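Just so it is clear, the values below take in all heavy atoms, side chains as well, and ignore hydrogens, waters and symmetry mates. Since we're looking at a predicted model, the values are computed, not measured. A note on names: the letters A, B, ... follow the listed sequences, proteins ahead of strands, and every chain is numbered from 1.
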Amino acid sequence: MPELPEVETTVRFLRKKVRNRAFIDVWTDFAKMLQIRQGSTGQVKKGNFEDFRKQLKNKKIQKIWRRGKNIILELSCDKTLLIHQKLTGHLLVGYWIMDNGYWKPKSRGFLGEKVNTYIHLLFTMDNGLMLGLSDLRKFAKVELWDTEKLKESKAILSLGPEPLAKDFTFEKFKEYLKNKKGKIKQVLMNQEVIAGIGNIYSDEILWEAKVNPCKEIKRLSDKEIKKIYDAMRKILEKAIKVQGESISDYRTPTGERGGFDKFRKVYRREGEKCSRCQAVIKKTKIGGRSAHFCPKCQTL
DNA sequence: AGTTGTGTTGAAGA
DNA sequence: ATCTTCAACACAAC
């Protein structure tokens, strides 16, 4: 699942490969994932794929950045593509050829692996390179915005701070947490509080900080908040360094697995021994989502 | 073979 | 307002 480190990995790769390239064409077999946003509120324009295709044609990618789990491609003519990969979507870069209804990678390699074959959207760039979106569950969204409208949209403005931003200090983190209520895991995953953390990294961060995911915010000591803050930065930075996790569907844009699985301590490790204290990792539900933790070193 | 779990986000329901 | 549940969708594992 692409969370902050996976999205960052993708964005860094895209900068190297498609910055300053222009779109020649776009193909999809699932037009529902594409939307044209317009007007002051960014309403969804009723339209069809041909509109989208026409508007994208010959637009040049000028700037590529990330906000939370969103990939943002700023284009020429004051347009911007906003891509959210949701659960199983991941962008891939390479060459494909249509082979009776399916896009087949032009050469052997990682792009041929099953997880990378659910291509439902494919852009062709002006140098022939292609940008594909493989998305098994088809939840991913690609929206075309007016650049200025996007910047003042709820989609961007409602997001909390970037956890790795230089000016996001411990004091600020504490302030952001203090007036929230609920369990720490839920709050960490709330994109309006902090942007980019999902189920995997919230579990990993809390294990690292030795804080139980069910602990209520108001019962956290300053010391615990500091440990969560430090763990958050440490884990996210580490994950970016190794190009994210690939326990499920995420792959880097070359179709390769990220390296974080080696460092994954609790997520989907129910029944295994805690690498710190040998107690058995437990799994529970918090707000309908799975939460993994060590009952011994993450006491309530 | 039918049921359940998967996890992000926004919308609908309470 | 604020909380919880569910739908979007496809597949693996049970």
Are any of A:His84's side-chain N or O atoms less than 4.0 Å away from OP1 or OP2 of B:dT8?
-> no
In whole angstrom, what separates A:Lys154's NZ from B:dT9's C1'?
-> 10 Å
Tell me which nucleotide among C:dC9, C:dC11, B:dT6 gets nearest to the side chain of A:Lys285.
-> B:dT6
Would you indicate, yes or no, if C:dC3 has its OP1 or OP2 atom less than 4.0 angstrom from a side-chain nitrogen or oxygen of A:Lys181?
-> yes
What's the closest nucleotide to the A:Arg289 side chain, out of C:dC9, C:dC11, B:dT9?
-> B:dT9
Cation-aromatic face contact A:Lys238/A:Phe263, 6.0 Å, 45 degrees = yes
Should A:Glu204 and A:Lys265 count as an ion pair when the cut-off is N to O under 4.0 Å?
-> no
Report the base-pairing partner of C:dC9 (Watson-Crick or G-U wobble, both distances below 3.5 angstrom), or none.
-> none
Assign A:Ser290 to base, sugar-phosphate, or nothing according to its heavy-atom contacts below 4.0 angstrom with the strands shown.
-> sugar-phosphate
Any side-chain heavy-atom pair of A:Leu82 and A:Val142 under 4.5 Å | no
Which of C:dC11, C:dC9, B:dG5 is nearest the side chain of A:Tyr118? It is C:dC11
Could A:Lys183 and A:Glu216 be called an ion pair, given the rule that one side-chain N must be under 4.0 Å from one carboxylate O?
-> yes
For B:dT9, take OP1 and OP2 only and decide whether either is under 4.0 Å from a side-chain N or O of A:Lys86.
-> no
Could you check whether the rings of A:Tyr229 and A:Phe173 sit parallel, tilted or perpendicular, using 30° and 60° as the cut-offs?
-> tilted
B:dT6 OP1/OP2 closer than 4.0 Å to side-chain N/O of A:Lys283 = yes
Atom CZ of A:Arg268 and atom C1' of C:dA12 are separated, to the nearest Å, by 10 Å
5' priority, DNA chain B, between A:His292 and A:Ala155 [closest heavy atom] = A:His292
Taking CG from A:Asp249 and P from C:dA13, how many angstroms apart are they, rounded to a whole number?
-> 12 Å
Ionic contact status for A:Asp230 with A:Lys227, cut-off 4.0 Å | no
If you measure from the P atom in B:dT9 to the same atom in C:dA1, how many Å do you get, rounded?
-> 23 Å
Atom-pair distance (NE2 on A:His120; P on C:dC11), nearest Å | 8 Å
A:Lys141 NZ to B:dG10 C1', straight-line distance once rounded to whole Å | 10 Å
Could you tell me the separation between the CZ atom of A:Arg137 and the C1' atom of B:dT9, rounded to a whole number of Å?
-> 12 Å
Can you check whether A:Lys69 has a side-chain N or O nearer than 4.0 Å to OP1 or OP2 of B:dT9?
-> yes
Look at all strands and tell whether A:Gln85 reaches a base, only sugar-phosphate, or nothing, counting heavy atoms closer than 4.0 Å.
-> nothing
So, is A:Lys32 close to the C:dC9 phosphate, meaning a side-chain N or O under 4.0 Å from OP1 or OP2?
-> yes
Quick one: A:Asp135 CG to C:dA8 P, roughly how many Å, whole number?
-> 16 Å
Taking the same atom, P, in B:dA1 and in C:dC9, what whole-Å distance lies between them?
-> 26 Å
Rounded to the nearest Å, what distance is computed from the CD1 atom of residue A:Ile156 to the P atom of nucleotide B:dT9?
-> 12 Å
